[in-house]
Amino acid sequence: MEVCQPLTKVANDSCPAIDQLQQKLTLLRQSNNPIQHFEDHENEIHSLFIQAEREILAEELQKLDINKALSK
């Protein structure tokens with residue numbers, strides 16, 4: 001699939017999932033406690049990345065929706 005429409009804004013602008021990911025990483029970096037169960041930690045961060053990717057792609061696909069553009 002080829003997309004011939006330039007991006008109009010930065011992808012991570014106002015993405016709640018990216019905000020959650022950044023908050024989680026900030027908390028982890030500020031914490032003095034070692035990670036007890038790395039697999040749980042890894043899964044949580046991975047899930048946040050997947051959620052952010054979905055939100056960003058949904059926004060971009062919505063911009064390319066021809067039916068939505070024609071109904072305006």
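Just the heavy atoms: all of them, side chains too, but no hydrogens, waters or symmetry mates, feed the values below.
- Grouping the Ile, Leu, Val, Met, Phe, Trp and Tyr side chains by contacts below 4.5 angstrom, directly or via other members, places L25 with L48.
- The aromatic ring centroids of F38 and H41 lie less than 6.0 Å from each other.
- Taking CD1 from I18 and CD from Q23, the interatomic distance works out to 12.5 Å, rounded to the nearest 0.5 Å.
- Here the NZ atom belonging to K24 is positioned 10.5 Å from the CG atom belonging to L21, to the nearest 0.5 angstrom.
- Atoms CD1 and CZ, from I56 and R54 in turn, are 12.5 Å apart once rounded to the nearest 0.5 Å.
- Counting non-hydrogen atoms of other residues, nucleotides and ligands closer than 6.0 Å to CD of Q20 gives a total above 12.
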